[in-house]
Amino acid sequence: MSALGRVVRSGVGRRRVQTVVIGLVVAIAVTSSVLGGTLLVASTAPFDRAFGQQHGAHLTAHFDATKVTAEQLAASARAAGVSGAAGPFPTATIDPGDGDREPIGPLLVAGRAEPSGGVDAVTLTRGRWATKPGEIVLFSDGRFAGGSRAVGRVWTLEDLPGAPALTIVGLARSISGTAGGWVVPEQIAALRPDGYQMLYRFTAAGTGAQVDAGRAAVAATLPAGALTASRSWLTTRQEAAGEAALFVPFLMAFGVIGLAMAVLIVGNVIAGAVSTGTHRIGVLKALGFSPGQVVRAHLAQALIPASVGALLGLVAGNAIAAPVLSQTNDVYGTSDSGVEPWVDAAVLAGVLGLVAVTALVAASRAGRLRTVDALAVGRTPSAGRGRWAARLTARIPLPRPVTLGLAHPFARPVRSATIVAAIAFGTAAVVFSVGLAASLQRVQDAEGLADVMVEAGQREGRDRVERPAGTSMDTAAVLGAITAQAGTRGYCGTVRAPVSTPALTGELEALATSGGNCADSYRLVNGTWYTGPGQMVVATPFLTRTGTAVGDTVTLTSGGVPVAVRIVGEAFNTEHDGLQILTPIETLTAAQPQLRPREFRVYLTPGTDVTHYSDELDVALAPLGAFVGMAERGTPEAILIINGLTALLSLLLVAVAALGVLNTVVLETRERVHDLGVHKALGMAPRQTIAMVIASVVVTGLIGGALGAPAGLLLQRTIVAEMGWSAGFRLPESVLDTYHPATLVVFGLGGLVIAVLGALLLAGWAARTQTATALRTE
Amino acid sequence: MIELRDVTRRYGDGPPALRDVSLTIAAGEAVAILGPSGSGKSTLLNLVAGLDAPSAGSVSVAGVRVDTLSEAGSARYRRATIGMVFQFFNLLDDLTVADNVMLPAQLAGMSRGAAERRAAELLGTLGVDRHATAYPGRLSGGERQRVAVARALMNRPALLLADEPTGALDSASGEDVQRLLADLHADGQTIILVTHDTALANACATRTVRLADGRIAADTLAGAR
Ligand SMILES: Nc1ncnc2c1ncn2[C@@H]1O[C@H](COP(=O)(O)OP(=O)(O)OP(=O)(O)O)[C@@H](O)[C@H]1O
Ligand SMILES: [Mg+2]
């Protein structure tokens, strides 16, 4: 082994703690970067990825079957600029009824033999594709799918001749959203066909103008007036961004914190390793090592553990990313097996490059050092720095060991600043993620409609409910049973009614309510709750999409009758993509006199046992054709993923922060071992030593916590509000404001606790260390 | 006042640094410990200071069994009884001369004001009072050692221990420190002085103990020479 190799090896062996810390920090930095980078990539353009995987349609076009033939349409695939096409698929609009449930609304159905194809390769998420007439596959993002329970259900289309029945055989996801359902082409004839659908891909479709040009080129090949409607993929993409964009803000936040932290700690650890090695460098140079050799020796000393750590981190990052990705695939409707290789490569190159550059900078400083100076330093922090602090603290009327410790951070201001930053980042990460989880929980709670739901139907056994078609409950009797039941605080009867407004195409849903407690189910963000008919409360997306504001009056059409309704409040309500209208039932009864509540939300007096209450009420309701359903309390998968990721990422960040603190305290103590010996020779007792070491981290810990806690709070509020906005909602203050000031102070002190724990560990060691040995380190 | 009885100090497997050393020193004596490098001089001094414990035997100072003290007990003992001076001064670079000198008193719980007065007085006596607000790095070796002596005397220790106090000084500064120690002894200070320098030993010590391979090779009173 060469002399250089021997020096490197002994260096790595001699500084075992630092070698391990470098390895660990690099490993964690790589793990979180791979994870953050992967998810960032996966979420920056989730729609684009899914669109790419499914060969989404750049243009979905509808044609009038009386003006154009299928052959002409098939030929339009050869129009200029068209790179791919699918269709023509015959289409029909059906209006299915689902048992006794309220009407579902019109649904565009396309006749399509295969889910796959060059354009809009639809992904089956449940069940199978339709293979014969009488079967239908539903678009699983549509509001009709109703989850896995939908498969097997039968729809009867009573308004069509022969009342054809369709069995739901599968659910599928089309990123382009080309249809609400698919049947075999032969089926369409029985469904009152209304035209053809063609799906096009263009060679250039990045901008609205390019898509328009493509549409014009297609239309030019066809008879005039044949093209009745079309939809650009850019519109779909914009709408889809709402859902996926939810993930981007908080992943961005973690990505930035993680990278900043990695830079900070890796830089700090390596600069520290080189700076404590300065004396050794002097010795090596005195023995005849060239500056180049010294620099290389140090580079290797840092890069060996860093490389080992980076590889471990890469393995861990990929291992964690795979299951997380498979979960986000569900959310984005994509299918990826693992991490993008270029993310791995970029992270590896980035982190190791950073390690090398930092080590090079620090080591080249040592390489330039004059040997005499190098031999002279290393015993105590370079003299001169922070003496003002030592003079100042000496005057504080506290025991001398405490005031000595208080001055320590100022002797190495840069290092102390990085530790303050590390503690601040760690604290901020925890405050952020706890706050984010609390906010999401509040969103959940805001959506938890009531304690108990009463629905029409007959219970048959514990979990089976029969909802016979046509039967409807005796509303007055049911209401009587509810109010008579002990523990009832109030109720809200609801019924969904289709309405429309000129500003929005398609049907809208109004939730017509009766009862005094309906406001309990919603959080207002603006305005007031309605006090009588002719008033309504809507959610932010309704206001945005219709260009209205609280105070405006909107004309709703219900059963063909126009009704003027004033918007009195804005509530947080995600039902129907935030387009649901909340209004008293009396607003609509003029137009729909038969409207009666079909469901009751029941609110209990505090302290009532929900299970017991439900069982008793169920017995009372059984003869009345109603039963107690479960108020839905399940947590959506997206929220579980967000919570899981936040917990994991903040855990990693806190681990990095703790390692950074530990490493610094090790460095400090190592550098001060001689001073500690002197102190002990002068009569410093073990308890005084511990007091001094703890005092030395109190300032750093306090400042770090004091900076981190508000930063985390700010981050949480900004990110949560941003997530709300990207989903189109203005969030109620109760969702944003999850922290009590006292809780925040506790979290802020968390930074101090981390610092003190790290210090205690070493203070014990410092107090025990052999003074005679320490004093020998001349 | 100081009594070492059959003291052995062994580090690891090697030959013991001290073997079966018995030594009694009375109050007011100034004892010079001489001997070749590695003969165990510093080890002996550390045992007396309570910074190190013997492998066998006992060490008593002023009636206190130093070898059985707890860490906290030995810190208290050092504060009350011992002042130490080192070859390389061991001043704290980040504290001013005055703060260095005050430190032992402050560790013992003396108020800052009282410590300031005592330090000023000592620095005056030792002729370095004009450097009180300076940092040790700016002082000459001789001045630094005077400051170290002032710090050692801060708590009026019954026993002053000095390990090669002139070892890092030029001959002029060395003689300066030598005079200082002689004066202290003349005022009744008990001193144990480790040195290679026979001139220093002759000038300051009333008794000379010579160590070789961890044993006492000779123990002579100054008057006997
Ligand atoms: N902490 C220790 N661990 C191991 N061996 C030690 C330790 N301290 C001292 N020794 C050994 O004990 C022996 C005596 O050391 P000591 O420092 O007492 O010698 P010394 O007489 O003071 O020498 P010098 O004149 O060179 O200062 C030496 O062989 C030394 O190597
Ligand atoms: Mg010695």
Side-chain angles (χ1 to χ4, degrees), chain A residues 376-377 379-405 407-412 671-672 674-692 764 766-778, chain B residues 9 11 42-43 45-47 49-53 70-96 98-100 102-113 115-116 133 135-138 148 151-152 154-155 157 161 163 168:
Chain A
V377 302
R379 194 168 304 142
T380 46
S382 53
R385 283 223 192 97
R387 280 177 173 166
W388 59 270
R391 268 201 307 275
L392 215 70
T393 56
R395 282 172 213 291
I396 300 174
L398 282 173
R400 190 63 177 129
V402 174
T403 59
L404 281 174
H408 282 180
F410 302 96
R412 287 211 176 267
E671 285 175 0
R672 289 185 186 277
H674 183 260
D675 279 6
L676 279 172
V678 174
H679 284 121
K680 285 176 81 175
L682 298 178
M684 184 176 272
R687 205 172 313 141
Q688 291 176 314
T689 310
I690 292 174
M692 179 171 77
R768 279 194 313 276
T769 165
Q770 284 282 312
T771 316
T773 317
L775 287 174
R776 282 170 64 89
T777 56
E778 285 288 347
Chain B
R9 179 64 170 104
Y11 294 106
S42 298
T43 304
L45 215 58
N46 286 338
L47 290 176
L51 290 173
D52 196 1
S70 67
E71 276 282 320
S74 82
R76 262 197 306 279
Y77 154 75
R78 270 193 300 283
R79 270 181 220 159
T81 319
I82 303 288
M84 289 190 87
V85 177
F86 306 88
Q87 177 176 1
F88 293 102
F89 327 121
N90 278 336
L91 296 173
L92 298 164
D93 290 341
D94 284 338
L95 298 183
T96 62
D99 279 335
N100 261 286
M102 285 154 63
L103 193 54
Q106 289 181 298
L107 288 177
M110 189 188 278
S111 75
R112 186 172 168 86
E116 257 168 357
T133 56
Y135 286 90
R138 294 238 307 273
R151 187 176 66 179
M154 189 65 189
N155 287 349
L161 304 177
D163 195 346

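We name chains A, B, ... by the order of the sequence lines, and we start the count at 1 in each one. Hydrogens, waters and symmetry mates play no part in the numbers below; they use all other heavy atoms, side chains included.
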> Between the main-chain N or O of L95(B) and the side-chain N or O of R391(A), is there a donor-acceptor pair closer than 3.5 Å?
Replying inline: no
> Do you know the tightest heavy-atom contact between E71(B) and P686(A)?
Replying inline: CB-CG, 3.5 Å
>> On a heavy-atom basis, which atom in V678(A) and which in N90(B) lie closest, and how many Å separate them?
In response: CG1-O, 3.3 Å
> Rounded to the nearest 0.5 Å, what separation is found between the CD atom of Q106(B) and the CG atom of L682(A)?
Replying inline: 11.5 Å
> With a 4.5 Å limit on heavy-atom distance, are the side chains of R387(A) and T96(B) in contact?
Replying inline: no
> Do any N or O atoms from the side chain of R112(B) and from the backbone of P397(A) form a donor-acceptor pair under 3.5 angstrom?
Replying inline: no
> Could you give the distance from CG (L51(B)) to NZ (K680(A)), rounded to the nearest 0.5 Å?
Replying inline: 8.5 Å
>> Which heavy atom of D94(B) sits nearest to which heavy atom of A411(A), and what is that distance?
In response: OD2-CB, 4.2 Å
> Contact part of A49(B) toward chain A, heavy-atom cut-off under 4.5 Å: side chain, backbone, both or neither?
Replying inline: neither
>> To check you understand the geometry: which heavy-atom pair defines the closest contact between M84(B) and A681(A), and what is its length?
In response: SD-CB, 4.1 Å
>> So, taking the atom named CG in L107(B) and the one named CG in L404(A), what distance separates them when rounded to the nearest 0.5 Å?
In response: 7.0 Å
>> I'd like to know which of R79(B), Q87(B), R76(B) tops the heavy-atom pair count under 4.5 Å against chain A.
In response: R79(B)
